[in-house]
Amino acid sequence: MSRSLPGLPQRPAPADDEDLGRDRPALAVSVNRHCIRITGPEPRGEGAMSALVTRRLFRAEFPALPDRAAAVRRMVTGHLNDWRLGALVDGAVLATNELFANAVEHGSSGPADTVTITVSLELSAGHLGHELRVEVADGSPVIPIFRSASPTEESGRGLAIVDCLASDWGTEPPGPGGEGKKVWFTLPLERAS
């Protein structure tokens, strides 16, 4: 769901597919730093490896203004806590904040520009390597450049912070018909064997 939010964002309604885990055995979740270990019964039968347990997604558009960063942080925190991913909040919020700040500072050409934040989570029974993915999209096609800031510089550390926190990060073109770019990062969720 994408919408323009002039003030503080409101949470979108739960996704239609949030109840896909109904009538299935419960999964146990244990937390270790930036990783969540998911344990539960293994699926059986043909096609069981791709059985979807749950998929979550939220998307919101913010004005490309520095004062909207707090609203972005609150929204990411709220959704991750609702999804019972509290262990990922600090890393996800810090990395998202850095990418939002970069989009505002380097990807915005004026006050009418917007930045779109997308956070998605997909867990499939029997698969390893699940991850939380955060995308920050802006209207500039200029790709961010990773650099090492000197100790006396006041800026230039955003991508280094993202690189330290995330399991992976990168850039990609916008969706069909869009302009600009997406900068994304992932945080791992791993399935216990």
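Heavy-atom basis, side chains included; hydrogens, waters and symmetry copies ignored. One-based numbering along the sequence shown. Keep in mind that this is a model prediction, so the values were computed, not measured.
For the pair Lys181/Ile143, a side-chain contact is recorded, criterion being any heavy-atom separation below 4.5 Å from C-beta on. For the pair Ser108/Val115, no side-chain contact is recorded, criterion being any heavy-atom separation below 4.5 Å from C-beta on. With contacts defined as side-chain heavy-atom distances shorter than 4.5 Å, the pair Asp138/Asn102 does not qualify. No side-chain heavy atom of Val134 sits under 4.5 Å from any side-chain heavy atom of Val76. In this structure, the side chains of Leu99 and Leu159 come closer than 4.5 Å at one or more pairs of heavy atoms. Using a 4.5 Å cut-off on side-chain heavy atoms (C-beta onward), Val136 and Phe185 make no contact. Contact annotation: the side chain of Arg68 approaches that of Phe100 to within less than 4.5 Å [non-hydrogen atoms, C-beta and beyond].
Following chains of ILVMFWY side-chain contacts shorter than 4.5 Å, one can reach Val72 starting from Leu121, so the two form part of one hydrophobic cluster. There is a path of hydrophobic side-chain contacts, each under 4.5 Å, that joins Leu189 to Val119.
Counting heavy-atom neighbours within 6.0 Å of Glu172 CD, excluding the residue itself, gives a total above 12.
One finds the CG atom of Leu85 at 10.0 Å from the CG atom of Leu187 (value rounded to the nearest 0.5 Å). Interatomic distance, Leu165 CG to Leu88 CG, rounded to the nearest 0.5 Å: 11.0 Å. Atoms CZ and CD, on Arg157 and Glu98 in that order, are 10.5 Å from each other to the nearest 0.5 Å. Separating the CZ atom in Arg84 from the CZ atom in Arg56 is a distance of 8.0 Å, to the nearest 0.5 Å. Note: Asp163 CG to Phe146 CZ = 4.5 Å, rounded to the nearest 0.5 Å.
Annotation for Gly180 and Pro174: closest pair O-CD, 3.1 Å, computed over non-hydrogen atoms. In terms of heavy-atom proximity, Ser120 sits nearest to Leu57 at CB-CD1, 3.7 Å. The nearest pair of heavy atoms linking Thr171 to Pro144 is CG2-CD, 3.7 Å. In terms of heavy-atom proximity, Thr186 sits nearest to Glu131 at CG2-OE2, 3.4 Å. For the pair His106 and Ser140, the tightest heavy-atom approach, listed with the atom from each and the gap, is O-OG, 4.2 Å. Between Ala92 and Leu132, the shortest heavy-atom contact is CB-CD2, 4.1 Å.
Between Phe58 and His79, the two ring planes are parallel [angle under 30°; tilted spans 30° to 60°].
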